[in-house]
2 protein chains.
Amino acid sequence: MTPQSILAELVEESRISDPTGARGRLLRAAARLFREKGYERTTVRDLAAAIGIQSGSLFHHFRSKEDILKAVMEETIVLNTELMRHALRQASTPVERMWALIRSELESINGQTGEAMAVLVFEWRSLSGDAQRDILKLRDVYEAMWLEVLGELKSAGKMSADPFLTRRMLTGALSWTVTWYRPDGPRNLDDMTDEVMAMLGLGER
Amino acid sequence: MTPQSILAELVEESRISDPTGARGRLLRAAARLFREKGYERTTVRDLAAAIGIQSGSLFHHFRSKEDILKAVMEETIVLNTELMRHALRQASTPVERMWALIRSELESINGQTGEAMAVLVFEWRSLSGDAQRDILKLRDVYEAMWLEVLGELKSAGKMSADPFLTRRMLTGALSWTVTWYRPDGPRNLDDMTDEVMAMLGLGER
DNA sequence: AACAATACCAAGCAAGCGCTTGGTTTGTAA
DNA sequence: TTACAAACCAAGCGCTTGCTTGGTATTGTT
């Protein structure tokens with residue numbers, strides 16, 4: 001099971017849009033623009049131009065601009081939840097699972113879907129209350145995986161800190177990498193995962 | 001030297017605006033609104049209404065809307081740099097200084113100036129390139145204090161991780177508290193500082 | 001070939017935006 | 001009292017925004 005095959009499966013199940021179709025291409029472009037300029041500073045004209053159509057034609061594919069933002073967030077969560085679930089299956093011990101979670105989240109944020117993940121983190125406020133609730137539901141599934149592993153670590157005596165607090169600190173620390181991490185820099189994502197594990201006193205895996 | 005007296009001194013030196021004057025009151029209101037709704041979603045009419053004047057009258061105090069954002073950020077950095085410098089002076093060992101830094105940053109983010117700090121972190125993109133450069137200069141002074149203490153810790157063998165990486169992770173983790181921390185919750189800022197120190201393996205101070 | 005559904009364009013509307021303008025009030029000091 | 005600057009108001013300009021509308025290609029199905 002490769003990341004590509006997971007993506008393909010989700011497209012098959014219509015849980016996310018085909019990246020080669022107009023809708024999928026627009027969502028990718030939207031993620032890039034939303035991250036670069038922010039949701040508010042990105043106009044529907046920008047979005048339309050990014051895939052070579054007129055601004056009015058956008059509204060054939062989406063009901064509103066906010067709908068585009070929501071779709072970006074939904075599909076990003078769905079995809080990355082599945083990728084993380086897959087990463088977890090490969091790991092057997094709690095410490096290995098923790099490594100897999102951190103590595104998976106770093107990949108989500110700094111890899112292919114990074115732009116969309118950044119949008120998910122930083123454009124939260126631009127969603128209406130209703131849309132926020134919908135996204136939050138999807139997010140709960142994702143967060144539950146983290147809390148389960150952190151709970152295992154605590155039970156196993158590998159960690160003394162509160163799982164909830166630890167997760168919140170990690171959310172901030174890992175999300176923040178999007179603002180400074182460069183793949184062509186001195187370390188890759190594996191290195192960084194090791195270093196974060198070491199910081200948490202989970203060095204020997 | 002209390003926080004209030006530091007504030008008073010900075011006002012005296014005209015490094016930040018008098019909070020009781022029109023300009024200072026506007027900057028406080030702006031910080032609140034920018035954090036609540038974001039810079040782009042906040043209109044000059046909102047800002048003016050917040051201190052009970054007409055929207056046009058704003059431009060007697062500030063040249064542009066962006067100028068208001070920049071002023072919020074500048075004054076926030078100046079104030080919190082001084083507060084942190086003061087906190088550092090009270091501490092004698094590297095571990096104590098580290099505790100002071102974390103505690104000070106948590107206070108900046110979740111205390112009185114929290115709204116402005118959140119703006120500083122999350123509205124970065126809304127500044128023009130020139131303005132970003134100006135703010136960055138002020139920020140460098142602040143960051144240098146962190147790196148010095150982290151360097152001391154490493155030299156003293158209290159920490160093995162890279163100071164730069166550690167600071168970046170901490171920036172994310174501590175900034176993120178603004179999205180979830182509530183003062184009326186189960187822990188205060190002292191508790192949280194202890195827990196963060198423990199996570200980093202600096203438990204015994 | 002005929003038809004319907006899908007995808008798109010060209011034009012523009014109503015509303016809201018940051019900011020300007022010309023003029024009035026308020027505060028201060030001689 | 002007079003003089004003058006700082007602080008503010010009322011009105012609105014020019015522009016951009018998200019979105020709508022009516023019509024035209026394009027695509028897929030039978």
Side-chain angles (χ1 to χ4, degrees), chain A residues 11 14 17-73 119 123-132, chain B residues 11 14 17-73 119 123-132:
Chain A
V11 171
S14 312
S17 312
D18 183 351
T20 63
R23 189 187 153 97
R25 270 167 44 237
L26 183 104
L27 289 181
R28 268 232 297 248
R32 206 192 67 240
L33 287 169
F34 288 164
R35 174 181 159 188
E36 263 177 38
K37 321 204 291 174
Y39 172 77
E40 302 290 343
R41 291 176 106 92
T42 304
T43 70
V44 293
R45 286 165 180 82
D46 292 335
L47 293 169
I51 58 165
I53 61 175
Q54 291 296 106
S55 67
S57 308
L58 266 193
F59 295 88
H60 174 73
H61 299 282
F62 296 90
R63 264 176 303 140
S64 66
K65 185 189 171 190
E66 191 192 344
D67 229 48
I68 298 176
L69 176 60
K70 192 181 170 186
V72 168
M73 292 187 172
V119 170
E123 302 294 342
W124 188 250
R125 261 183 330 200
S126 297
L127 277 187
S128 70
D130 283 352
Q132 284 191 14
Chain B
V11 172
S14 312
S17 313
D18 183 351
T20 63
R23 189 186 154 97
R25 271 167 43 236
L26 184 105
L27 288 181
R28 268 233 297 252
R32 208 191 65 240
L33 287 169
F34 288 164
R35 174 181 159 187
E36 262 176 40
K37 321 204 292 175
Y39 172 77
E40 301 290 343
R41 291 177 105 94
T42 303
T43 69
V44 293
R45 288 165 179 82
D46 291 335
L47 293 169
I51 58 164
I53 61 175
Q54 292 296 106
S55 68
S57 309
L58 266 193
F59 295 88
H60 174 73
H61 300 282
F62 296 90
R63 264 176 304 141
S64 67
K65 185 188 171 189
E66 190 192 345
D67 228 49
I68 298 176
L69 176 60
K70 192 180 170 188
V72 168
M73 292 185 172
V119 170
E123 302 294 343
W124 188 250
R125 260 182 332 199
S126 296
L127 277 186
S128 71
D130 284 351
Q132 284 192 14

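Values below: every heavy atom of this structure, side chains too, minus hydrogens, waters and symmetry copies. Letters A, B, ... are given to chains in the order of the sequence lines, protein chains preceding strands, and every chain is numbered from 1.
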Minimum-distance pair of heavy atoms, taken over all atoms of [X] and [Y]:
{"X": "A:Ala30", "Y": "A:Val72", "value": "CB-CG2, 4.1 Å"}
{"X": "B:Phe34", "Y": "B:Val119", "value": "CB-CG2, 3.6 Å"}
{"X": "B:Leu27", "Y": "B:Ile68", "value": "CD2-O, 3.9 Å"}
{"X": "A:Ala48", "Y": "A:Ser55", "value": "CB-CA, 3.5 Å"}

So, are A:Glu123 and B:Arg125 salt-bridged, with charged N and O less than 4.0 Å apart? yes

Are any of the side-chain nitrogens in A:Lys70 or A:Glu66 under 4.0 Å away from the carboxylate oxygens of its partner?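 No, this pair does not count.
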
d([atom1], [X]; [atom2], [N]) in whole Å:
{"X": "B:Lys65", "N": "C:dG18", "atom1": "NZ", "atom2": "P", "result": "4 Å"}
{"X": "B:Tyr39", "N": "C:dC17", "atom1": "OH", "atom2": "P", "result": "13 Å"}
{"X": "A:Ile53", "N": "C:dC9", "atom1": "CD1", "atom2": "C1'", "result": "10 Å"}
{"X": "A:Leu69", "N": "D:dC19", "atom1": "CG", "atom2": "P", "result": "12 Å"}
{"X": "B:Leu47", "N": "C:dC19", "atom1": "CG", "atom2": "P", "result": "11 Å"}
{"X": "A:His60", "N": "C:dC8", "atom1": "NE2", "atom2": "P", "result": "7 Å"}
{"X": "B:Arg23", "N": "D:dC8", "atom1": "CZ", "atom2": "C1'", "result": "17 Å"}

Among C:dC19, C:dA7, D:dC19, which nucleotide sits nearest the side chain of A:Ser64?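 Within the option list, the nearest is D:dC19.
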
What's the closest nucleotide to the side chain of B:Val44 if the choices are C:dC19, D:dC9, C:dC8?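 For the B:Val44 side chain, the nearest candidate turns out to be C:dC19.
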
Name the nucleic acid region contacted by A:Gly52, choosing base, sugar-phosphate or nothing; use a 4.0 angstrom heavy-atom cut-off, strictly under. sugar-phosphate

Show the distances under 3.5 angstrom between N or O atoms of the protein and N or O atoms of nucleotides 10-13 of chain C.
none

Look at atom CZ of A:Arg63 and say whether more than 12 heavy atoms of other residues, nucleotides or ligands are closer to it than 6.0 Å. no

Scan nucleotides 22-25 of chain D against the protein and return all N/O pairs shorter than 3.5 Å with their distances rounded to 0.1 Å.
none

So do the side chains of A:Leu69 and A:Lys65 get within less than 4.5 Å of each other, counting heavy atoms only? no

Of B:Glu66 and A:Ala22, whose nearest nucleotide on DNA chain C comes first from the 5' end?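 Result of the comparison: A:Ala22.
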
What does the list of N/O pairs under 3.5 Å between the protein and nucleotides 24-29 of chain C look like, with a distance for each?
none

Comparing A:Arg63 and A:Thr43 on DNA chain D - which has the more 5′ nearest nucleotide: A:Thr43

